[in-house]
Amino acid sequence: MAAPGLRLGAERLFEMPAVLERLSRSNSTSQAFAEVLRLPKQQLRKLLYPLQEVERFLAPDGRQDLHLRIFDPSPEDIARADNVFMATERNRIDYVSSAVRIDHAPDLPRPEVCFIGRSNVGKSSLIKALFSLAPEVEVRVSKKPGHTKKMNFFKVGKHFTVVDMPGYGYKAPEDFVDMVETYLKERRNLKRTFLLVDSVVGIQKTDNIAIEMCEEFALPYVIVLTKIDKCSKGHLLKQVLQIQKFVNRKTQGCFPQLFPVSAVTFSGIHLLRCFIASVTGNLD
Ligand code: GDP
């Protein structure tokens, strides 16, 4: 995280446009992110902090159980995390290899994060969005459900590895048990599992199987709500409240704060990059 004197929560920062202006002019801020910082305040908040944007439409008593700011980085932290995801000569971001079995997985010593979810939940699109600052990295995006049959490993410089796991729920139970379960149980350097849930339909039966697996192996995991651009504000609010209640009451290992994202509008993508950089020890 940024030095304590510099660190401002999202709310205070929005009240201090001069700080945003200074950050957008800083040499350490990428040009792409500097342009983001110049967006009108409301658009910027929606892009960077979609859950806090949802909060504005809640009655005060509806906020009690919602965990909106456990992870509340300043735009300075978010800018630093974007640099971690920015491909340069010195920060190579590449596809490494694929594996169908854990003993074929590359032996990569760095911290690892993985993405799991039902086929068609938007996993490839999300990974592509996270890697948009490294456009040469090829992440396949399917039209048909169930295309990702392998674990795909991507290295992000010397920082960490991202693993795209096969989708479950559609012709994939065997893949799922053989690959995903074994991977989750045995991968020693796995720092966080990102479990994707489609915000349009909410938690489905097959999602529950994945959640139970994470709980059983006592893994730290995070629920990411995908495709939020497809939801009306009201529907998104309803899903957020329902899923938050589920997380609060039924889970132990799940990070209490939800991460809504859209791979189309990029809402929530910067925040998720920042969270990944943080859990892999790259913002310390
Ligand atoms: P995967 O099977 O989980 O890898 O899912 P994909 O990333 O291939 O996405 C499945 C479908 O959902 C594709 O048609 C994507 O274009 C669409 N999709 C993925 N993410 C989003 C999103 O954030 N918003 C919208 N509107 N569509 C999305």
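Just so it is clear, the values below take in all heavy atoms, side chains as well, and ignore hydrogens, waters and symmetry mates. Ligands are counted one by one from 1 in listed order, and the atoms in each one are counted from 1 as well.
Using the six-membered ring where Trp is involved, F255 and F275 have ring planes that are tilted, between 30° and 60° apart.
Inclusion of K227 in the set of residues having an N or O under 3.5 Å from an N or O of ligand 1 is warranted. Any N or O atom pair closer than 3.5 Å counts here, and G122 shares at least one such pair with ligand 1. In terms of N/O distances under 3.5 Å, ligand 1 is not approached by L126. By the 3.5 Å distance cut-off applied to N or O atoms, S119 is not counted among the residues near ligand 1. Every N/O-N/O distance between V261 and ligand 1 stays at or above 3.5 Å. Between S125 and ligand 1, an N or O atom pair is found at a separation short of 3.5 Å.
Residue contact annotation: T226 has no non-hydrogen atom under 4.0 Å from ligand 1. In this structure, S262 counts as a contact residue of ligand 1, since one of its heavy atoms falls inside 4.0 Å of the ligand.
Look at K123 and D164 and you find a salt bridge, because one of the NZ, NE, NH1 or NH2 atoms lies within 4.0 Å of a carboxylate O, short of that distance.
Checked by atom type, the side-chain pair T226/D198 shows no donor-acceptor distance below 3.5 Å.
Counting heavy atoms under 4.0 Å from ligand 1, residue V264 touches it through both backbone and side chain.
The 12-atom threshold is exceeded at CD of Q204, counting heavy atoms of other residues, nucleotides or ligands nearer than 6.0 Å. When the shell of 6.0 Å around CD of E136 is examined, it contains more than 12 heavy atoms from other residues, nucleotides or ligands.
Put simply, the side chain of K150 does not reach to within 4.5 Å of the side chain of H104, judged on heavy atoms.
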